[in-house]
Amino acid sequence: MRLNQNTLLLGTKVVLVPYTPEHVPRYHEWMKSEELQRLTASEPLTLEQEYAMQRSWREDADKCTFIVLAAEAWRGHSGPSEESCMAGDVNLFLTDLGDPSLGEIEVMIAEPSCRGRGLGTEAVLMMMAYGGDTQADDE
């Protein structure tokens, strides 16, 4: 969904940024994990397929994806790359395009060192607020 292409959401524990091609290599490495494949009901993809998936998710009208960055690492990182700050992703799936108030949120904290620290909880709450605010703005 292009709606969030210029959106950065800043929380206490996480920063949500749009899923861009810059994030694909790290995401692809995570998704090689058999555990993450099992937990997300995902099939392994080639790097080229992962780039194609990122592009399709950007274009789909019923999906909104943010990469979850660990805020502490993001605040301390230097340079343009966010790859070293990546913790996972959070997605909003609109389940009925006729009623944009209906949706499903999914979060994955893929980076093991970031699990159990509340990043997923904050990411879901931020996505709920973003989805509600964005839907309200569209009315």
Partner residues of Tyr51 under the ring-ring contact (aromatic ring centres under 6.0 Å, His included) criterion, sequence neighbours left out
none

If you compare all heavy atoms of His28 against all heavy atoms of Thr46, which two are closest, and at what distance to 0.1 Å?
CE1-C, 3.4 Å

dist Tyr19:OH -> Phe66:CZ (nearest 0.5 Å) comes out at 14.5 Å

Is there side-chain contact between Glu82 and Ile67, with heavy atoms separated by less than 4.5 Å?
no

Can you see which heavy atom on Thr40 is nearest to which on Met108, and at what distance?
CG2-SD, 3.8 Å

Assigning hydrophobic clusters by single linkage (Ile, Leu, Val, Met, Phe, Trp, Tyr; side-chain heavy-atom cutoff under 4.5 Å), is Val14 placed with Met128?
yes

Within this structure, what is the CG-CD distance for the pair Leu119 and Glu72, rounded to the nearest 0.5 Å?
9.5 Å

Any donor-acceptor pair under 3.5 Å linking the side chain of Lys13 with the backbone of Arg117?
yes

Glu48 side, atom CD; Met53 side, atom CE - distance, nearest 0.5 Å:
13.5 Å

Applying salt bridge (Lys or Arg N to Asp or Glu O under 4.0 Å) to Glu111 and not counting sequence neighbours gives Arg26

Begin from the C-alpha positions of Thr12 and Glu122 and carry the test side chain to side chain contact (heavy atoms under 4.5 Å, CB included) through to its verdict.
CA-CA 8 Å; Thr12 304; Glu122 185 174 76; 3.4 Å; yes

4.5 Å side-chain heavy-atom contact, Glu50 and His23:
no

Taking only residues two or more places apart in sequence or in another chain, which ones pass side-chain contact (heavy atoms from CB on, under 4.5 Å) with Glu35?
Ser33, Arg38, Leu39, Arg115

For Gln37, what residues pass the side-chain contact (heavy atoms from CB on, under 4.5 Å) criterion, not counting sequence neighbours?
Pro44

So, taking the atom named CG in Leu16 and the one named OH in Tyr130, what distance separates them when rounded to the nearest 0.5 Å?
10.0 Å

What distance do Glu43 atom CD and Gln49 atom CD have between them, rounded to the nearest 0.5 Å?
10.5 Å

One should read off an interatomic distance between Cys64 SG and Arg58 CZ, to the nearest 0.5 angstrom, of 9.5 Å

Quick check: closest heavy atoms across Gly11 and Arg75, and the distance to 0.1 Å?
O-NH2, 3.1 Å

Can you list, pair by pair, the side-chain donor-acceptor contacts under 3.5 Å of residues 85-98, counting residues two or more places apart and other chains?
{"residue": "Asp89", "atom": "OD2", "partner": "Tyr27", "partner atom": "OH", "Å": "3.4"}
{"residue": "Asp89", "atom": "OD2", "partner": "Asn91", "partner atom": "ND2", "Å": "3.4"}
{"residue": "Asn91", "atom": "OD1", "partner": "Thr65", "partner atom": "OG1", "Å": "2.7"}
{"residue": "Asn91", "atom": "ND2", "partner": "Glu106", "partner atom": "OE2", "Å": "3.2"}
{"residue": "Asp96", "atom": "OD1", "partner": "Gly98", "partner atom": "N", "Å": "2.9"}

Any side-chain heavy atom of Leu45 sitting closer than 4.5 Å to one from Met31?
no

Can you name the residues that form a salt bridge (Lys or Arg N to Asp or Glu O under 4.0 Å) with Glu29, not counting sequence neighbours?
Lys32

